[in-house]
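Accompanying notes for the structure given below.
Please read all numbers here as calculations on a predicted model, not as lab measurements.
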Protein chains: 2
Amino acid sequence: MPADRAPTRIQQKNRAAILDAALDVFSAQGFRGATVDQIASAAGLSKPNLLYYFPSKEAIHAAVLEQLLDTWLDPLRALDPEGEPLEEILAYMRRKLEMSRDLPRESRLFANEIVQGAPRIHDVLSTDLKQLVDEKAAVLEAWADAGRIARVHPYHLIFSIWSLTQHYADFDVQVRAVLGDEDPFAAAPEFLETLYRRLLTPPARA
Amino acid sequence: MPADRAPTRIQQKNRAAILDAALDVFSAQGFRGATVDQIASAAGLSKPNLLYYFPSKEAIHAAVLEQLLDTWLDPLRALDPEGEPLEEILAYMRRKLEMSRDLPRESRLFANEIVQGAPRIHDVLSTDLKQLVDEKAAVLEAWADAGRIARVHPYHLIFSIWSLTQHYADFDVQVRAVLGDEDPFAAAPEFLETLYRRLLTPPARA
DNA sequence: GTTTGATTTGACCAAAAGGTCAAACGCACG
DNA sequence: CGTGCGTTTGACCTTTTGGTCAAATCAAAC
């Protein structure tokens with residue numbers, strides 16, 4: 001790879017193709033399961049050519065992961081402390097569910113990484129992620145204090161949104177094996193909306 | 001390996017040690033990520049010695065997986081159509097949560113397999129698992145028909161129990177990174193019980 | 001159109017990893 | 001206490017895989 005100058009058109013195209021191919025392969029096979037050859041041919045390149053753009057398999061993985069983390073937390077960041085509590089939470093859940101439907105590879109890449117102990121992103125989890133969740137949990141707590149939502153453990157509430165929505169991407173094959181023909185994303189939104197409305201609607205005032 | 005006779009004490013001990021070590025390694029690294037050497041040394045054996053008991057890495061993995069599937073569905077099987085609906089569902093959720101706490105390796109092995117497309121257990125999912133879920137979903141449906149629980153999509157209800165409980169095992173490092181010192185399993189049972197009580201308590205009679 | 005730097009490739013290397021085998025070892029039973 | 005079968009191992013083989021390199025090719029600026 002040439003020095004750091006403005007990337008040529010070819011560089012842009014090939015780097016993008018590599019990252020996309022790598023997302024495909026890493027999300028489907030995990031880091032160790034993926035081979036450089038697989039990624040290269042999925043990107044339409046030879047292995048040495050791929051390694052002309054990235055110095056190593058590790059580097060490709062790091063790049064894909066960095067790109068993912070960049071957007072992964074956006075839905076939670078967008079939870080607005082000034083908004084209507086229940087609607088904000090429902091909107092967050094919907095955004096996460098849409099990500100499971102539209103970006104399942106990203107979800108599975110993340111799942112692969114976490115399930116195997118998050119060796120490469122443990123830092124981000126305990127700093128950036130923790131900080132963000134702490135902040136939003138405080139918002140949820142304040143809403144409960146104000147009686148605007150029912151009081152539940154705010155961290156577990158957030159975990160529940162993660163697990164319920166990501167399940168449809170990460171465990172896709174299981175869900176589809178059980179549902180048969182039915183599209184998982186047909187009934188999921190309504191089910192989850194009902195669930196969170198019933199969980200969080202504040203008790204009637206005395 | 002000698003012919004199929006009654007297994008000697010040494011055979012029993014070593015096979016058990018291998019399966020336990022393999023569960024350790026496979027659940028932490030996935031199939032491709034695990035090496036036969038790792039499993040062997042985790043079991044306190046040399047690689048050729050391990051391969052004296054199992055013919056291949058695949059065979060070890062199959063054995064571990066088979067052992068897992070054998071018990072993985074027990075909690076759902078135990079859901080009693082004759083029991084009190086809400087209590088039956090809560091008890092099922094609790095059993096699954098206990099499995100996440102007590103058998104996290106098993107949960108992660110399963111998660112690894114599913115996330116990567118379940119190449120080796122797809123059959124079981126679309127036959128045994130589907131059949132069991134169909135059966136229990138019908139029970140849930142009947143309970144809703146009788147007005148004994150609120151009506152929700154029975155399949156998604158089951159998915160929700162899977163995802164909410166397994167999350168604590170599969171995403172353990174993330175949960176702990178966010179919670180800091182707090183034990184995830186301290187508040188989870190109450191949170192989940194509240195969630196399902198509010199979701200499923202039938203609407204007051206008119 | 002030639003030159004220069006970017007891009008691509010075939011050939012190659014070394015390490016890792018799954019698996020084999022013959023020989024050595026050891027336990028238990030006659 | 002020796003023999004036979006179950007067990008263990010060191011040495012070795014082959015394939016896969018991450019990575020290198022020099023040479024060939026291509027694109028575009030001059």
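With respect to the salt-bridge test (charged N to carboxylate O, under 4.0 angstrom), the residues B:R197 and B:E193 qualify.
Residue A:N14 has a polar side-chain atom (N or O) positioned under 4.0 Å from OP1 or OP2 of C:dT8. Here A:Y52 does not reach the OP1 or OP2 of D:dG19: none of its side-chain N or O atoms lies under 4.0 Å away. Regarding contacts with the backbone of C:dT9, a side-chain N or O of A:S46 is found under 4.0 angstrom from either OP1 or OP2.
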Heteroatom pairs (N/O) under 3.5 angstrom, protein to nucleotides 25-30 of chain C:
none

Considering only nitrogen or oxygen atoms on both sides, find all protein atoms under 3.5 Å from nucleotides 21-26 of chain D and state each distance.
none

Please list each protein N or O that sits under 3.5 Å from an N or O in nucleotides 13-18 of chain D, with the distance.
from: D:dT17; atom 1: OP1; to: B:R32; atom 2: NH2; distance (Å): 3.0
from: D:dG18; atom 1: OP1; to: A:A34; atom 2: O; distance (Å): 3.3
from: D:dG18; atom 1: OP1; to: A:K57; atom 2: NZ; distance (Å): 3.0
from: D:dG18; atom 1: OP2; to: A:V36; atom 2: N; distance (Å): 2.8
from: D:dG18; atom 1: N7; to: A:K47; atom 2: NZ; distance (Å): 2.9

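Distance, B:R15 CZ to D:dG6 C1': 15 Å, rounded to whole Å.
Residues forming a side chain to side chain contact (heavy atoms under 4.5 Å, CB included) with A:D172 (at least two apart in sequence, or on another chain): A:R108, A:R176. The side-chain hydrogen bond (donor to acceptor under 3.5 Å, both in side chains) test applied to B:H61 returns no partner, not counting sequence neighbours. With sequence neighbours excluded, the residues that form a ring-ring contact (aromatic ring centres under 6.0 Å, His included) with B:F110 are B:W72.
Ring centroids of A:F159 and A:H153 are separated by 6.0 Å or more, keeping the two rings apart.
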message: Set out, in order, the CA-CA distance, both residues' side-chain angles and the distance that settles salt bridge (Lys or Arg N to Asp or Glu O under 4.0 Å) for A:D74 and A:K96, then state yes or no.
response: CA-CA 10 Å; A:D74 282 350; A:K96 287 288 292 174; over 6 Å; no
